[in-house]
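Here the structure is laid out as structure tokens; the discussion comes afterwards.
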Amino acid sequence: MTVVREPRLLNLRLHLPEISDPRPPAAENNRSSSFAADLEKLQVLGHGSGGTVYKVRHKATSETFALKLIHGGATTDPASRRQLIRETDILRRTDSPHVVRCHGIFERPSGEIAILMEYMDSGTLETLLRSQGTFSESEIADVARKVLKGLHYLHSHKIVHRDIKPANILVNSKMEVKIADFGVGKILCRTLEACTTYVGTCAYMSPERFDPGTYGGEYDGSAGDIWSLGLTLMELYMGHFPLLRPGQRPDFLTLMFAICFGEPLPALPEGASEEFRSFLGCCLQKESSKRWSAAQLLGHPFLRL
């Protein structure tokens, strides 16, 4: 007999902490604005909701940066403003070689908020996967090691990213790998505060984000980042999103059932090593409390490749 569990109503309300205004203090803004006046736009790197990221060069020093401009309308819309507050507050707090560095935050006369960031010249893991094809296990182990060091730093500072995916991990020509895009991140106010709100890219969301009553319980919110990392690494190895067939068009219900009710660990090609399978198994436990932490994963045998 097949037992069908009654669908659970998902709580999609956002519970956002009050954080200070994203606009920098006047003195900081004046210094940053003076520096920004000497920036020359070179090319568009990407577009997002409410903003554009440019590659820019500082005329006096010839240094290259990434400049994220948040359009004026996005600073007045309540939901967009909350997202902006989260990102700028997190960027101000982070200082790790495995997290994209923020050089300054300032307001332009037009009302736009500008975030001056480290420029990563090789793009994202997503663009590398498209241009160069799948990654070997040794390459994946190198990526995993660097991202986990970034996650360990963030989690130890009570910061949860909540949107780890190939498009949000940047790479440069030195093969330095850094976590970026904190637009849906969250600074935890309490040690075990759960992140169960529906925010982030749903394809990489962990089961407890869809159904916290079944898969969550008392858990550290950082567990969701570990699940997302596991799917990201599988995608680098397989060349497509691992929970769906190649070319399958995702939709919310298909993703929800694949994540919550699919096989505990998606099938890997036969050539995958036991160490890699074990590592992914530690990342992709459906019960969030059984997932390894970033610190534990850094000691896994797979990362010795």
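The shown structure was predicted, so the numbers you read here are calculated from the model rather than taken from an experiment.
The ring pair (Phe, Tyr, Trp, His ring centres under 6.0 Å) check on Y54 picks up nothing, with sequence neighbours excluded. Not counting sequence neighbours, the partners of H300 by the side-chain contact (heavy atoms from CB on, under 4.5 Å) test are S278, F279, C282, W292, F302. Listed by chain and residue number, nothing satisfies the ring pair (Phe, Tyr, Trp, His ring centres under 6.0 Å) test with F135 (two or more places apart in sequence, or in another chain). Partners of T254 under the side-chain contact (heavy atoms from CB on, under 4.5 Å) rule, at least two apart in sequence or in another chain, are L244, Q248, D251. Contacts of Y119 classified as ring pair (Phe, Tyr, Trp, His ring centres under 6.0 Å), with partners at least two apart in sequence or in another chain: none. With sequence neighbours excluded, the residues that form a salt bridge (Lys or Arg N to Asp or Glu O under 4.0 Å) with K146 are D142. Residues passing the side-chain contact (heavy atoms from CB on, under 4.5 Å) test with Q43, sequence neighbours excluded: L45, K55. For E40, the side-chain contact (heavy atoms from CB on, under 4.5 Å) partners are L42, R57, K59, not counting sequence neighbours.
S206 and E208 share a donor-acceptor pair across their side chains, judged by distance under 3.5 Å alone. For the residue pair T94 / S96, no side-chain donor-acceptor distance below 3.5 Å is found, with atom types taken as modelled.
Between H155 and I159, the shortest heavy-atom distance links the atoms CD2-O, 3.3 Å. The shortest non-hydrogen separation linking S288 to A223 is O-CB, 3.9 Å. Taking each heavy atom of D225 and R162 in turn, the nearest pair found is OD1-N, 2.9 Å. When all heavy atoms are compared, the tightest approach of M238 to T134 is C-CG2, 3.8 Å. For the residue pair I179 and V147, the shortest heavy atom distance occurs at CD1-O, 3.7 Å. Contact between C102 and I115 at its shortest, heavy atoms only, is SG-CG2, 4.0 Å.
The main-chain N or O of A272 is found under 3.5 Å from a side-chain atom of R277 such that the two form a donor-acceptor pair. A donor-acceptor pair under 3.5 Å is absent between the side-chain atoms of E137 and the main chain of F276, judged by distance alone. In this structure, N168 contributes its side chain and A180 its backbone to no donor-acceptor pair below 3.5 Å. Looking at S122, its side chain does come within 3.5 Å of a backbone N or O of S173 through a donor-acceptor pair. Remark: the backbone N or O of K286 is paired with a side-chain donor or acceptor of R291 at under 3.5 angstrom. Although no hydrogens or angles enter the test, the distance criterion places no donor-acceptor pair under 3.5 Å between the side chain of H152 and the main chain of S293.
The one candidate from I140, L303, V177 that meets the side chain to side chain contact (heavy atoms under 4.5 Å, CB included) condition with R145 is L303.
Counting heavy atoms from C-beta outward, V171 and M175 have side chains that approach closer than 4.5 Å.
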Evaluate L116 against V56 for side chain to side chain contact (heavy atoms under 4.5 Å, CB included), listing each step before the verdict. CA-CA 9 Å; L116 190 67; V56 299; 4.3 Å; yes
Could you go through the side chain to side chain contact (heavy atoms under 4.5 Å, CB included) check for K68 and D181 one step at a time? CA-CA 10 Å; K68 183 173 185 176; D181 200 340; 4.2 Å; yes
When you look at W227 and I164, which way does the side chain to side chain contact (heavy atoms under 4.5 Å, CB included) test go after all the steps? CA-CA 9 Å; W227 171 278; I164 295 292; over 6 Å; no
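A distance of 10.5 Å separates CG in L284 from CD1 in I259, rounded to the nearest 0.5 Å. To the nearest 0.5 angstrom, M205 atom CE is 9.5 Å from L255 atom CG. A distance of 7.0 Å separates CG of L148 from SG of C283, quoted to the nearest 0.5 Å. One finds the CG atom of L69 at 5.5 Å from the NZ atom of K41 (value rounded to the nearest 0.5 Å). Distance check, rounded to the nearest 0.5 Å: CG of L231 to CZ of F241 gives 5.0 Å. In this structure, CD on E63 lies 7.5 Å from NE2 on H103, to the nearest 0.5 angstrom.
Sorted by first and then second residue, the pairs that involve residues 229-245 and meet side-chain hydrogen bond (donor to acceptor under 3.5 Å, both in side chains), not counting sequence neighbours, are Y204-E235. Among pairs with a residue in residues 115-126, those fulfilling salt bridge (charged side-chain N to carboxylate O under 4.0 Å, His left out) read E118-K178, E126-R130, at least two apart in sequence or across chains.
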